[in-house]
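A note on names: the letters A, B, ... follow the listed sequences, proteins ahead of strands, and every chain is numbered from 1. Atom set for the values below is all heavy atoms of this structure, side chains included, hydrogens, waters and symmetry mates excluded.
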Amino acid sequence: MEDISKNIPEKESLNFLEEIIENDLKSGKYKEIITRFPPEPNGYLHIGHAKSICLNFGLALKYGGKTNLRFDDTNPVKEDVEYVDSIKEDIQWLGFKWANEFYASDYFEQLYEWAVQLIKKGLAYVDDQTLEEIRKNRGTVTEPGKDSPFRNRSVEENLDLFIRMRKGEFADGARILRAKIDMAHPNMQMRDPIMYRILHASHHRTGDKWCIYPMYDYAHGESDSIEKITHSICTLEFDIHRPLYDWFIEQLDIFPSHQYEFARLNLTYTVMSKRKLLQLVTEGRVTGWDDPRMPTICGFRRRGYTPESIRNFCERIGVAKRDNVIDVSLLEFSLREHLNKTAKRVMAVLNPVKVVITNYPEGQEEEMDAINNPEDENAGTRKVPFCKEIYIERDDFMENPPKKYFRLSPGQEVRLRYAYFITCQEIVKDEEGNIIEIRCTYDPASRGGNSPDGRKVKGTIHWVSAKHAIQAEVRLFDRLFNKENPEDTEEGQTFLENINPDSLQILKSCYLEPSLKESQRLEKFQFERLGYFNVDYDSKPGALVFNRTCTLKDSWQKEQEK
RNA sequence: UGUCCGAUGGUGUAGUGGCAGCACAGCAGAUUUUGGUUCUGUUAGCCUAGGUUCGAGUCCUAGUCGGAUAACCA
């Protein structure tokens, strides 16, 4: 794995978390900072998690601390080992190393003991109310709640009941353990929050050892505390939980971890809800969590994104506490920026039309030298075969060109990249008037793309030798979600109907230059003018399939749209 | 209708009470063997109203707008 610790760009200013950490370090509050990334293993990681990962790991890296990976696995009915494996793979792919791999379930015994301690201190009680009663008695945001009739049970009775809860004497939902705080608290989270529920469910790690499971609010802060997490960084919706986080730590008198909140990432045209992504997978709308149209980390990986580009993106968007919606074009910019420097340039023709060079000797073949990457001298050159018949892009020819069209048109001379200047002399059409062949002459003196008389051509186009071309399939992706951010609202319920049917992949046969024959899966290329692609597997054995990872900026297209 | 959080160009993000900066997007030009890339220039901003102050994006008060919050989810 590459070492990214030396690779952190120097910034002129600090974000608010860096400022907090620097102050804590300076004041001597902590000698070493410890953060954690705490996913629940109930789904695959998406680009929103990438922000959290970059933050937690990045902060520790920057200040010489460490980061734990902790699976927040307190709800066995939703969780699975498939997810823990994928999460670990994705974090590593992003380039981060965790100091320890922990599980909230590792702490179940300790958490239980602490719960007993709270009962003994009269700070927790067993409640026999039904779900509906609890809900009703919690009050509303404007009305205070009502005390449970079981709220004032004796310590002995609570202890007995709780022990029996653990033993499995009661059915699911029969009783719960609650913290005894204040049913009239203006913060709903403090109205005697539930600590434990009975769940006779098999856990992916602890099996059937437990039939009571701690709730997030009871488990999270304590888990942080056990690991001596100094800065527990989470998203904004948890800020209302912070008083409770602090309450448990204070009552238990354990290591005082602190929680800090930041605004989660929102991307235009992208659904980030785990629930809906799961729905897409289970309903078979996509081929899996790693479908290249998914905003998951593995989806982006298969699509051809690089970890570096995602890290740079996260750096660029910054971190703050106000809600934000980042334009996907910034993500794409970050990818292009990286791929521009690293991706091999290669010629391919997606939408071919044949060009015959009439004055080129029949049967002659040549090899042209092509530069692999103009931005990287070490990338070297390759040989590209050339002969009398070639394919060019249909878009690179216009019979009746508008003004300022630089590419091929009748009488117009263009450069074939790395090859010759050609001039269009004649067009061959079928009965329906479709252009089936373009006949050109070439200038033998312009070999390599320069004319000795120094004349300039404005247009340069890509091509592929008809005789030597290999055929492959190309997938062009649209974004799966064409509605802006249908989050967890009623509007979001209809989001599946809002999926653009055109977002389905287009599998299209095309012509590639022969050097692509040796391509390996997940190699990345810039197809001249056509965008960035990466090689992927396909159902058909031996077939080369290219996924479009990202498009090129195209000012010509923009001009046309005006 | 409570409580909590937030508000700086189109989008994000900086700004010990002292000239509002940076990135992306946009626009204009230069370079270019792909109308890409690169480079240069440039448009555009402190939610409102009061107050404190020589001086307020920053501090105070009130309001407006946005978000979170009433799961035996995390």
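Counting non-hydrogen atoms under 4.0 angstrom, A:Arg407 reaches a base of the nucleic acid. Note on A:Phe262: nothing from the nucleic acid sits closer than 4.0 angstrom, heavy atoms only. Among the protein residues, A:Lys274 comes within range of no part of the nucleic acid, since none of its heavy atoms lies under 4.0 Å from any strand. Among the atoms of the strands shown, none is found under 4.0 Å from any heavy atom of A:Val77. Nucleic acid contact class of A:Ile461 (heavy atoms, under 4.0 Å, all strands): base.
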(request) Dump the intermediate steps for side chain to side chain contact (heavy atoms under 4.5 Å, CB included) on A:Lys524 and A:Thr342, then the final yes or no. (result) CA-CA 8 Å; A:Lys524 291 160 182 63; A:Thr342 54; over 6 Å; no

(message) Evaluate A:Asp73 against A:Ser105 for side chain to side chain donor-acceptor pair (under 3.5 Å), listing each step before the verdict.
(response) CA-CA 6 Å; A:Asp73 55 351; A:Ser105 53; 2.7 Å; yes

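Between A:Phe108 and A:Trp210, the angle of the ring planes goes over 60°, which puts this pair in the perpendicular group of the 30/60° scheme.
Taking the side chain to side chain donor-acceptor pair (under 3.5 Å) definition, one finds that A:Arg197 meets it with nothing, sequence neighbours left out. Among residues two or more places apart in sequence or in another chain, the side chain to side chain donor-acceptor pair (under 3.5 Å) test is passed with A:Ser52 by A:Asn56. Under the side chain to side chain donor-acceptor pair (under 3.5 Å) criterion, A:Tyr44 pairs with A:Glu82, sequence neighbours left out. Scored by the side chain to side chain donor-acceptor pair (under 3.5 Å) test, A:Glu393 finds A:His462 as partners (sequence neighbours excluded). Take A:Lys180 and apply the salt bridge (charged side-chain N to carboxylate O under 4.0 Å, His left out) test, not counting sequence neighbours, and it matches no residue. In this structure A:Phe386 satisfies the ring pair (Phe, Tyr, Trp, His ring centres under 6.0 Å) test together with A:Tyr360, A:Tyr420, A:Trp463, sequence neighbours excluded. Applying the salt bridge (charged side-chain N to carboxylate O under 4.0 Å, His left out) criterion to A:Asp327, with sequence neighbours excluded, gives no partner residue.
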Identify each atom pair where a protein N or O and an N or O of nucleotides 37-46 of chain B are less than 3.5 Å apart, giving names and distance.
residue : atom : partner  : partner atom : Å
B:U37   : O2'  : A:Glu375 : OE2          : 2.8

Give me the distances for all protein-to-nucleotides 10-12 of chain B N/O pairs that come in under 3.5 Å?
residue : atom : partner  : partner atom : Å
B:U11   : O3'  : A:Val325 : O            : 3.1
B:U11   : O2'  : A:Val325 : O            : 3.1
B:G12   : OP1  : A:Val325 : N            : 2.7
B:G12   : OP1  : A:Val325 : O            : 3.3
B:G12   : O5'  : A:Val325 : O            : 3.4
B:G12   : O2'  : A:Ile317 : O            : 3.0

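Taking atom C1' on both B:A44 and B:G50, the two are 29 Å apart, rounded to the nearest angstrom. A gap of 15 Å separates the C1' atoms of B:G51 and B:G17, to the nearest Å. As rounded to the nearest Å, B:C4 and B:A56 have P atoms that lie 29 Å from one another. Spacing of P atoms, B:A23 relative to B:C39, comes out at 11 Å, to the nearest Å. On the P atoms, B:U11 is 25 Å away from B:U38, given to the nearest whole Å. Of the P atoms belonging to B:U37 and B:A25, the separation is 8 Å, rounded to the nearest Å. The same atom, C1', is picked in B:G15 and in B:C19; the two are 12 Å apart, to the nearest Å. The C1' atoms of B:G57 and B:G9 are separated by 14 Å, rounded to the nearest whole Å.
Rounded to whole Å, atom C1' of B:G6 lies 16 Å from atom CZ of A:Arg264. Between A:Leu244 atom CG and B:C4 atom P the separation is 17 Å, expressed in whole Å. A straight line from CZ of A:Arg529 to P of B:G36 spans 10 Å, rounded to a whole angstrom. Residue A:Glu332 contributes atom CD, which lies 17 Å from atom C1' of B:A23 at whole-angstrom precision. The distance between atom NE2 of A:His462 and atom C1' of B:G35, rounded to the nearest whole Å, is 13 Å. Spacing between atom CZ of A:Phe406 and atom C1' of B:G36 amounts to 13 Å, rounded to whole angstrom units. Distance CG (A:Asp239) to P (B:C5): 7 Å, rounded to an integer number of Å. Across the protein-nucleic acid pair, A:Lys321 atom NZ and B:G66 atom C1' stand 16 Å apart, rounded to whole Å.
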(request) Sugar-phosphate atoms are those with a prime plus P, OP1 and OP2; base atoms are the rest. Using that split, label each nucleotide of nucleotides 69-74 of chain B B, S or - for protein heavy atoms under 4.0 Å, 5' to 3'. (result) BBSBBB

(request) Go ahead and write out RNA chain B as dot-bracket, 5' to 3': ( ) for pairs within the strand, [ ] for ones crossing earlier pairs, | when the partner sits on another strand, dots for unpaired; Watson-Crick or G-U wobble, both distances under 3.5 Å. (result) .((((((..((((....[..)))).(((((.......)))))....(((((..]....))))))))))).....

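Taking 4.0 Å as the cut-off between side-chain N and carboxylate O, A:Glu308 and A:Lys341 do not count as a salt-bridged pair.
Between A:Arg447 and A:Thr142, it is A:Thr142 whose nearest contact on RNA chain B lies nearer the 5' terminus. Sequence order on RNA chain B of the closest nucleotides to A:Pro374 and A:Ile371 puts A:Ile371 first from the 5' end.
A centroid separation of less than 6.0 Å is found between the aromatic rings of A:Tyr218 and A:Tyr196. Aromatic ring centres of A:Phe71 and A:Tyr103: separated by under 6.0 Å. Here A:Phe238 and A:Tyr245 keep their ring centres 6.0 angstrom or further from each other.
No side-chain N or O of A:Glu40 forms a donor-acceptor pair with one of A:Asn75 less than 3.5 Å apart. Using a 3.5 Å distance cut-off with no hydrogens or angles, the side chains of A:Glu237 and A:Thr235 do pair a donor with an acceptor. In this model, a donor atom of one side chain and an acceptor atom of the other lie less than 3.5 Å apart for A:Asp127 and A:Gln129.
Within residues 415-423 of chain A, the residues that have a heavy atom under 4.0 Å from RNA chain B are, in order of number, A:Arg415, A:Arg417, A:Tyr418.
A:Phe102 does not carry A:Arg36 over the face of its six-membered ring by the limits of under 6.0 Å from the centre and within 45° of the normal.
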